[in-house]
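Predicted model, so just to flag it, every value in this text is computed and none were measured. Lettering follows sequence order; numbering is per chain, from 1.
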2 protein chains.
Amino acid sequence: MSQSLRKPEIIKIARREGRVTVDGLVDHFGVAPQTIRRDLTELADSGKLERVHGGAVLPSTTTNIGYSERRELNQPAKVDIARVCAAQIPNDCSVFLNIGTTTEAVAAELLHHQGLLVVTNNINIAMILSQNHSIEVVVTGGNLRRSDGGLIGDLATQTIRQFQFDYAVISCSALRENGDLMDFDIQEVGVSKTIIAHSEEVFLVADGSKFERKAPARIASMAQVDLFVTDLPLSPACASFCETSGTKVLYA
Amino acid sequence: MSQSLRKPEIIKIARREGRVTVDGLVDHFGVAPQTIRRDLTELADSGKLERVHGGAVLPSTTTNIGYSERRELNQPAKVDIARVCAAQIPNDCSVFLNIGTTTEAVAAELLHHQGLLVVTNNINIAMILSQNHSIEVVVTGGNLRRSDGGLIGDLATQTIRQFQFDYAVISCSALRENGDLMDFDIQEVGVSKTIIAHSEEVFLVADGSKFERKAPARIASMAQVDLFVTDLPLSPACASFCETSGTKVLYA
DNA sequence: GTAAAAATGTTCGTTTTCGCTCGTTTTTCG
DNA sequence: CGAAAAACGAGCGAAAACGAACATTTTTAC
């Protein structure tokens with residue numbers, strides 16, 4: 001399929017409005033109706049939209065709109081971080097991956113590894129890793145959180161307690177200057193704490209935007225993290241905290 | 001502006017705006033279009049951007065999963081069986097759905113129900129049911145079986161033992177004339193036995209082709225099933241067995 | 001200071017996109 | 001049901017964008 005600058009924006013509008021019209025897009029982009037029709041036809045052919053007379057609608061199977069938008073947010077940075085993180089994980093070891101778009105990116109990078117045992121409480125990660133037949137995938141139980149495919153609650157922690165991981169890759173909703181890892185969901189906090197307690201090496205993946213966000217629940221301190229992979233330089237305060245607590249920092 | 005500073009800035013703009021145009025960058029940097037094209041091509045080669053006619057956009061990781069599943073779900077016989085089975089399940093109750101394409105079809109039919117608590121060891125079912133916000137979805141832990149998205153092993157049975165279900169919908173790999181339910185995977189047998197032991201009402205969904213197949217491991221007897229939904233008439237032997245064991249039979 | 005190397009600008013032939021026309025299909029409305 | 005109106009897809013020419021090759025400028029290394 002040929003590409004165009006308009007198509008991503010058409011999809012964005014479709015996800016926001018639920019549908020798009022040829023006329024509306026003609027006004028929006030200032031192009032001829034035929035051009036819009038061509039775009040819609042091609043988007044429909046590739047399964048991104050469903051063509052209807054006069055416009056197009058979202059395919060009926062599209063769920064988690066908010067999530068998929070968030071997943072694309074800052075994606076290149078996440079992939080860079082993920083690549084650096086995955087490079088620190090050897091073959092033939094056990095790894096835990098928890099909830100988060102950045103950890104999903106790590107899962108995608110891990111597809112090139114071999115002989116891994118990966119345990120995850122993220123359904124999307126399980127789907128991603130099922131492509132590699134040399135990776136044994138174990139899913140924790142738990143209540144399914146629709147917003148991001150995460151499995152949380154008591155069942156999840158129960159499962160995790162039965163393992164001891166060589167490596168854990170975790171993320172968080174927000175980071176504070178004093179080195180605290182924060183999260184929105186109190187249930188997820190319990191899971192993350194359990195993961196840290198059952199892992200030899202804890203890797204934290206988080207892009208720089210996490211420093212600008214606030215979240216209510218405290219997961220842990222950076223001191224409990226062995227390796228922190230991020231994209232932007234840390235503030236002096238945070239950098240010195242990592243220094244004294246022995247947390248290694250890698251930049252993507 | 002020197003060359004080394006231009007590419008990071010292009011990425012910064014792309015992340016902020018979601019897309020960049022050649023013309024826009026020519027104005028922004030005051031260089032020739034060809035230079036911008038070179039930059040964009042190199043950024044695209046390294047995976048940071050996705051090149052399109054007239055500019056570039058952030059790489060999209062939109063993955064459309066579930067094509068193959070949906071195809072299988074559309075097999076008319078399975079859908080008919082699923083519809084009949086789903087009609088026997090009331091709103092506001094707890095249901096277990098196990099592995100199998102027919103049970104997946106049941107999940108699709110249950111999308112119209114409300115107030116359900118559904119526990120499943122099938123990742124595809126979890127994805128399907130996540131579309132209905134009035135259904136609480138719980139996933140059992142377990143080793144992921146790539147062939148069908150099933151979660152099996154000790155972790156799965158452990159989880160199931162913690163529940164007592166109003167209804168369980170199960171399937172099997174094969175059916176014998178004497179009323180035995182058979183399966184290919186010994187690990188799955190353990191799961192199915194546990195499900196039956198922890199459910200008030202057990203529904204079996206299986207199309208007629210199951211009678212023509214052989215499988216090595218015995219799950220249970222039809223006598224432990226309360227309702228059997230199928231598409232083709234049973235053999236006289238099997239029908240009389242159901243009669244004496246009190247198993248109700250429904251035809252789709 | 002000079003030469004090599006890298007980056008940038010220019011030209012030009014090729015490819016892609018876009019808008020127009022026109023005949024066909026779908027929808028709307030009496 | 002049937003006709004008018006809207007929407008649609010195919011084909012075509014013009015315009016824009018593209019990439020390759022080469023000339024020119026800037027940076028780097030000695």
Practice task
Verify the neighbour count for atom CD of A/Glu243: are there more than 12 heavy atoms of other residues, nucleotides or ligands below 6.0 Å?
Solution key: no

To the nearest Å, how far apart are [X] [atom1] and [N] [atom2]?
X: B/Leu40; N: D/dC18; atom1: CG; atom2: P; result: 8 Å
X: A/Asp39; N: C/dT16; atom1: CG; atom2: P; result: 16 Å
X: A/Ile36; N: C/dT17; atom1: CD1; atom2: P; result: 14 Å
X: B/Phe29; N: C/dA7; atom1: CZ; atom2: P; result: 16 Å

Fill in the blank from the handout: Distance col, row B/Asp207:CG vs B/Thr102:OG1, nearest 0.5 angstrom, shows 5.5 Å

Exercise for the section: Could you grab the distance from atom NE2 of A/His113 to atom CG of A/Leu116, nearest 0.5 Å is fine? Expected result: 6.0 Å

Quick one: do the [X] and [Y] side chains pair a donor with an acceptor below 3.5 Å?
X: B/Asp92; Y: B/Gln114; result: no
X: B/Lys78; Y: B/Thr101; result: yes
X: B/Glu104; Y: B/Asn124; result: yes

Handout entry: Side chain proximity check, A/Asp185 to A/Ile152, heavy atoms < 4.5 angstrom
Key = yes

Handout entry: A/Tyr167 side chain near A/Ser94 side chain, heavy-atom distance below 4.5 Å
Key = no

Would you tabulate the pairs of protein nitrogen or oxygen atoms and nucleotide nitrogen or oxygen atoms of nucleotides 9-14 of chain C closer than 3.5 angstrom?
residue : atom : partner : partner atom : Å
C/dG9   : OP2  : B/Ala32 : N            : 3.0
C/dG9   : OP2  : B/Thr35 : OG1          : 2.6
C/dG9   : N7   : B/Arg38 : NH2          : 2.9
C/dG9   : O6   : B/Arg38 : NH2          : 3.4

Practice task
Indicate yes or no: does B/Arg51 engage B/Asp45 in a salt bridge with an N to O separation below 4.0 Å.
Solution key: no

Problem - Salt bridge A/Lys248-A/Asp226, side-chain N to carboxylate O under 4.0 Å - result: no

Problem - Qualifying residue for side chain to side chain contact (heavy atoms under 4.5 Å, CB included) with A/Glu50, from A/Val57, A/Leu43, A/Leu40 - result: A/Val57

What N/O pairs connect the protein and nucleotides 15-17 of chain D at under 3.5 Å? Give each pair on its own line.
residue : atom : partner : partner atom : Å
D/dA17  : O4'  : B/His53 : NE2          : 3.3
D/dA17  : O3'  : B/Gly54 : N            : 3.3

Practice task
Would you please confirm or rule out a distance under 4.0 Å between OP1 or OP2 of C/dT17 and any side-chain N or O of A/Ser4?
Solution key: no

Exercise for the section: Please determine if a side-chain N or O atom of B/Arg6 lies less than 4.0 Å away from the OP1 or OP2 oxygen of C/dA7. Expected result: no

Could I get a table of every N or O pair under 3.5 Å where one atom is in the protein and the other is in nucleotides 28-30 of chain C?
none

